[in-house]
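Everything below concerns the one structure shown next.
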Amino acid sequence: MTYLLTSLVNGLVFGLLLFMVSAGLTLIFGMMGVLNFAHSSLYMLGAYLGYSIGRWTGFWTALLLAPLAVALLGASIERFMLRRVHRHGHAQELLLTFGLALIIHEIVKLVYGPYPVEYTIPTELARTAFNVNGLNIPLYRLFIGAVAVSMFVSLFLMMKYTRVGLIVRAALSQPLMVESLGHNVGFIFLLVFAIGAALAGLAGAVAGAFYPTGPNMAEDLGSIVFVVVVVGGLGSLEGALVASLAIGLLTTLTVGLDWTLAGALAPLGLSGWAASIGGPFSITLSSLTGSLPFIIMLFVLLVRPAGLMGERA
Amino acid sequence: MKLYVRIALCLATGVVLLAPLTFSDRYANLAIRMLVAALFASAFNLLWRQARLLSFGHGVYFGAGMFAVVHLMRANEAGLNVPLILVPLAGALSGSIIGVLCGFVATLRSGAYFSMITLAIAELIYSLGPRWQALFGGEAGVSSMRLPSMGLSFAALNEVYLIVLGWSAVGFATIWFFAKTPLGQIAFALGDNERRLQFLGYRTHAVKVYLFALSAALSGLAGGLLGVAAENVDYTVFGPASSAAPVIQTFIGGADVLFGPAFGAALLTGFGNVFSDVTRLWLLYQGIAFVLVVMFLPAGIVGSLLMGKKRPLREAIANTLAVLLCSASLIFLCESASILLSDSYSSLRASQDGSWVSYRLFNMELAPGSPIVWGLPLIAALTGLIISWKLKGREETA
Amino acid sequence: MMPLDRRDVLKLAGAAAVGLAAPAPALAQARPALKIASVETLSGPGSTVNRLWSLGLKYGIEKINAEGGWNGQKIIYAEYDTEGTTGGASQKTQAAIADGAHIIAHGGSSAIGGQITEDVRKWNLRNPAAKVLFFGLGIEALELTGAKCHYHFFRFATNADIRIRALVAGMKAENALGKKVFSINQNYSWGHDIQAALEQSAGENDFTLVDKVLHDVNKIQDFSPYAARIAASGADTVFTGNWGNDLSLLLKAVQAAGLKVRFATTFLDLPGALSSAGSAALGYFHAELWNPQAFGAFGQELWTDYKARMGTVPSTSEAKSILALLFLQQALKSIPETSKIDVDQIAQALERTSYKAPTGDVTMRATDHQIAWPIVVSKVEQGAKFATDGTDMGFVPIKVIPGGEVLNAVQASCKMQRPS
């Protein structure tokens with residue numbers, strides 16, 4: 001029971017973190033049709049900048065400045081690089097971001113070295129929130145969740161109830177019409193890209209203090225974030241939220257389960273035979289935790305190719 | 001082209017391709033790797049050039065071929081007598097089988113979805129790789145040994161090169177010929193407008209699966225050839241690096257030219273071999289080159305050379321000069337940064353009371369405090385930028 | 001991040017040029033110099049950690065050369081970059097052999113080591129006139145002295161069995177083992193080796209393995225579910241072979257969850273591990289053949305001399321490179337000066353050598369070429385004599401266990417073909 005409860009909390013928080021990163025990715029895709037391979041690199045940059053700025057200004061100011069810096073970088077990527085290759089099509093844009101991810105990875109290693117840096121939680125948050133049967137839940141974990149939730153709420157409110165949100169939503173589906181109504185669609189694109197980058201940067205700055213800030217953090221998260229947006233449906237914010245939480249919870253809960261395929265065949269009386277073959281039959285579910293998101297994604301694609309909440313098939 | 005130019009070109013190509021037969025193991029190995037990378041990139045590009053499908057997981061089919069071949073060679077050691085020259089076919093076979101399975105799922109979608117699915121499949125296989133000890137041999141991998149076959153010992157790699165050359169030729173010929181078949185033509189149409197093709201009654205998903213299978217089979221063949229040469233394989237062949245390699249090589253070489261990917265692959269494999277011993281930052285330079293090519297030479301190197309406008313000699317020279325100036329200063333700055341930011345330099349500084357001690361680069365003693373050290377490369381870069389900006393301005397007015 | 005020492009490259013290039021220019025017969029007349037090649041991942045991810053093996057070799061060879069080298073010549077040292085791939089390793093192994101290396105050394109990864117050992121085995125089979133030796137400085141996969149063992153491979157490091165035996169014995173002596181043990185390991189050969197060694201040890205000692213788990217390598221962002229699982233098992237002690245992120249994350253998650261468990265680790269001494277784990281590592285146990293404090297005056301001298309010459313204090317990797325060379329130096333003393341270097345002779349000498357280290361006697365087992373070092377079991381403490389990894393913590397030795405006591409049995413899968 002303790003295990004279930006703590007795993008639920010941990011899974012929710014990890015899911016919310018996934019959502020913070022995938023929200024920007026899915027927004028950018030929905031609007032511009034660009035699959036940003038460098039998005040998780042922006043997440044990593046957010047963490048590193050949070051660490052570097054935090055050494056001068058303290059944690060809280062860095063939490064504000066790092067996402068801004070990442071947003072600025074995102075804006076310049078959109079303005080000076082993506083816009084340049086836009087006329088060559090989406091694939092060229094995708095390749096560009098792919099190359100950027102490679103470069104950012106190498107530059108981070110050049111500047112900060114290949115080890116994780118010591119980005120630590122501020123002392124006022126380095127406490128235990130509550131205790132479940134002898135197992136502590138750190139306060140910072142709840143802080144990550146709170147940041148993610150407040151981010152989702154404000155994003156949702158902005159999109160739904162403000163004039164800017166209205167134009168952005170309009171530009172999502174009918175960019176040409178919005179442009180002929182006199183709105184600067186190019187600037188809206190820039191804005192969306194910058195906001196998406198800022199979200200990733202914020203996620204990095206918040207999460208980097210808790211999870212390690214190292215040069216592999218982009219790669220580690222990148223493919224899971226892709227899974228999230230595909231499962232949720234590309235371009236759908238709500239889909240990303242549902243998929244993030246589902247994947248966060250599933251990967252956390254399966255850690256404790258030692259089920260095997262051979263065991264599942266036991267009712268058929270085949271478990272001995274399957275175990276003797278070994279390989280995929282004797283892999284335990286807990287050891288599949290890292291692969292599980294990809295299996296889920298393949299399953300969703302086969303059953304519902306547009307993703308859980310995707311509209312365009 | 002004049003006839004004698006053609007003949008000279010063919011002869012030169014022949015000499016270059018046959019030269020490795022006389023090489024020692026070290027350079028024969030490099031030649032084999034360049035050829036294998038060229039075939040792999042061309043196989044990858046089959047999907048992109050024709051159907052506009054961008055795969056980020058081709059390392060899986062390459063690896064499948066490599067594992068199949070190494071396992072077959074082990075069976076050979078145990079007494080199965082498959083002539084070595086036929087062994088690479090096992091790679092093509094296993095690549096095509098895995099390709100049909102994965103391709104069926106991946107080609108359910110196009111565009112960015114397709115890319116992400118291929119990536120996820122590769123991640124999945126990569127994460128499963130170390131689990132299945134019997135098949136993938138764990139961390140140390142599976143190992144085998146080439147046995148003498150058909151009167152040749154195949155102990156030295158230049159003899160293996162003969163097999164690699166032969167099968168690569170078959171692979172390249174297949175790619176070239178496929179584009180001319182009706183299926184190949186439909187695949188081209190698929191890249192242009194899938195919806196219209198569907199209305200014409202073609203089952204586009206089936207076409208895509210065929211194409212994917214062929215691409216995977218040739219990737220498997222390339223992997224198989226490397227398997228014959230390396231005699232050893234482990235699951236890291238499924239890793240992101242081997243899937244990223246053909247993407248980078250293809251687009252640097254030129255994706256829309258038949259032999260662009262092959263050129264890019266051979267070029268980068270060769271450079272990588274030479275430069276990785278000289279600089280730690282080879283991957284950074286490769287990434288920068290890739291982004292620059294994507295931004296400024298969308299047709300790739302070969303594509304730009306073939307299709308580029310004829311420029312007056314003066315402009316060509318000025319352009320080359322600009323590129324050289326910019327890249328020289330970039331390399332200088334990156335290498336300097338890599339030294340100045342290193343642990344060993346900071347401990348050196350700490351031992352000298354925190355002063356910016358001089359460092360050695362390109363056989364020069366450089367003082368980090370001196371304005372010349374930073375000013376000169378900056379001026380060089382600026383000059384390069386101004387030259388290219390002027391050239392561009394002239395182009396636009398012309 | 002370490003820069004490439006350009007002087008080395010240039011020196012190497014110069015040496016290569018001289019080698020090319022010098023007429024070959026003249027060289028054959030003189031007594032040949034022994035050449036050692038370090039084939040390591042020197043670029044890309046992991047390069048800084050792996051470079052340490054090369055740095056240690058370089059330092060150790062310079063030291064041997066200062067004492068006169070061997071065969072009347074200075075030992076030649078060269079570096080080759082694997083680019084982090086097994087393919088690159090294979091290529092550079094060939095390059096090293098082509099450049100005349102007699103010994104190839106690798107420490108960084110068992111996967112790359114597995115490739116090199118196979119390449120060397122095949123090369124020696126095909127070129128009996130120009131054999132080479134392969135030294136494993138840090139590659140600990142059991143398979144390398146098991147199914148993949150061969151006459152020309154020597155492991156100078158420990159392996160999973162040795163580490164677990166030492167940890168269990170050391171912690172038992174310290175009354176720190178407890179009755180309930182949890183095993184958490186990475187899901188690949190190394191983690192499997194550790195888990196199997198622990199299962200075996202549970203049968204031989206009076207503790208129970210309450211739960212065991214294997215997880216993905218370098219993929220887990222959040223170890224708190226595993227912390228919850230450890231808590232649920234009620235374990236006193238957790239054994240892990242994890243390294244890198246997987247280790248520091250695990251320690252941090254357990255600390256954050258407020259669990260009262262002790263850890264027994266194998267890679268807490270790698271660069272970056274202690275600093276990133278921070279106070280979470282205090283009081284935890286570690287077993288390794290090197291520990292500067294346990295090596296007494298020898299350790300102190302190596303520590304200061306290395307720092308003076310190379311700029312940093314030696315990590316375990318560098319130290320193990322150096323110790324392997326000292327063992328080799330001892331073995332070479334028994335070989336008379338020769339006009340043609342025969343690596344089989346060196347191999348034979350290695351098998352017969354007994355080296356007196358400050359912690360005890362060291363021998364190389366002839367049947368599988370696994371070295372038997374005395375193992376130092378240590379505990380992470382604040383204010384240790386040798387502060388490690390930029391922290392104020394270090395590894396304080398609690399027990400030294402003679403090599404013979406912790407050495408695992410020869411694996412049945414090792415069928416070594418000895419030269420007749």
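Everything quoted here is computed from the prediction, not taken from an experiment. So you know, we letter chains A, B, ... as the sequences are listed, proteins then strands, and number each from 1.
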Is it the side chain or the backbone of B:Ser144 that comes within 4.5 Å of chain C heavy atoms, both, or neither? backbone

C:His150: what forms a side chain to side chain donor-acceptor pair (under 3.5 Å) with it, not counting sequence neighbours? C:Thr117

The reported gap from CE in B:Met145 to CZ in C:Arg121 (rounded to nearest 0.5 angstrom) is 6.5 Å

Counting only heavy atoms closer than 4.5 Å, note whether C:Ile139 contacts chain B via side chain, backbone, both or neither. neither

Using the salt bridge (Lys or Arg N to Asp or Glu O under 4.0 Å) rule, collect all pairs that involve residues 149-160 of chain B, keeping only residues at least two apart or in two chains. none

Quick one: what part of C:Asp119 sits under 4.5 Å from any heavy atom of chain B, side chain, backbone, both or neither? side chain

Which bit of B:Gln286 comes within less than 4.5 Å of chain C, counting heavy atoms only: side chain, backbone, both or neither? neither

Do B:Val233 and C:Gln115 have side chains that get closer than 4.5 Å, going by heavy atoms? no

Gap between atom CG of B:Asp234 and atom OG of C:Ser109 - 0.5 Å precision: 8.0 Å

Quick check on B:Leu340 against chain C: is it the side chain, the backbone, both or neither that has a heavy atom closer than 4.5 Å? neither

Residue pair C:Gln94, B:Asn29: steps toward the side chain to side chain donor-acceptor pair (under 3.5 Å) verdict: CA-CA 8 Å; C:Gln94 257 144 13; B:Asn29 192 358; 2.3 Å; yes

Can you see which heavy atom on C:Lys148 is nearest to which on B:Ser143, and at what distance? CE-CB, 4.1 Å

Give a yes or no on whether B:Tyr27 atom OH has more than 12 heavy-atom contacts from other residues, nucleotides or ligands under 6.0 Å away. no

Regarding C:Arg126 and B:Glu231, does a basic nitrogen lie under 4.0 Å from an acidic carboxylate oxygen? yes

Residue C:Ala98 versus chain B: region with a heavy atom under 4.5 Å: side chain

Interchain contact, B:Arg146 with chain C, by part (heavy-atom threshold 4.5 Å): both

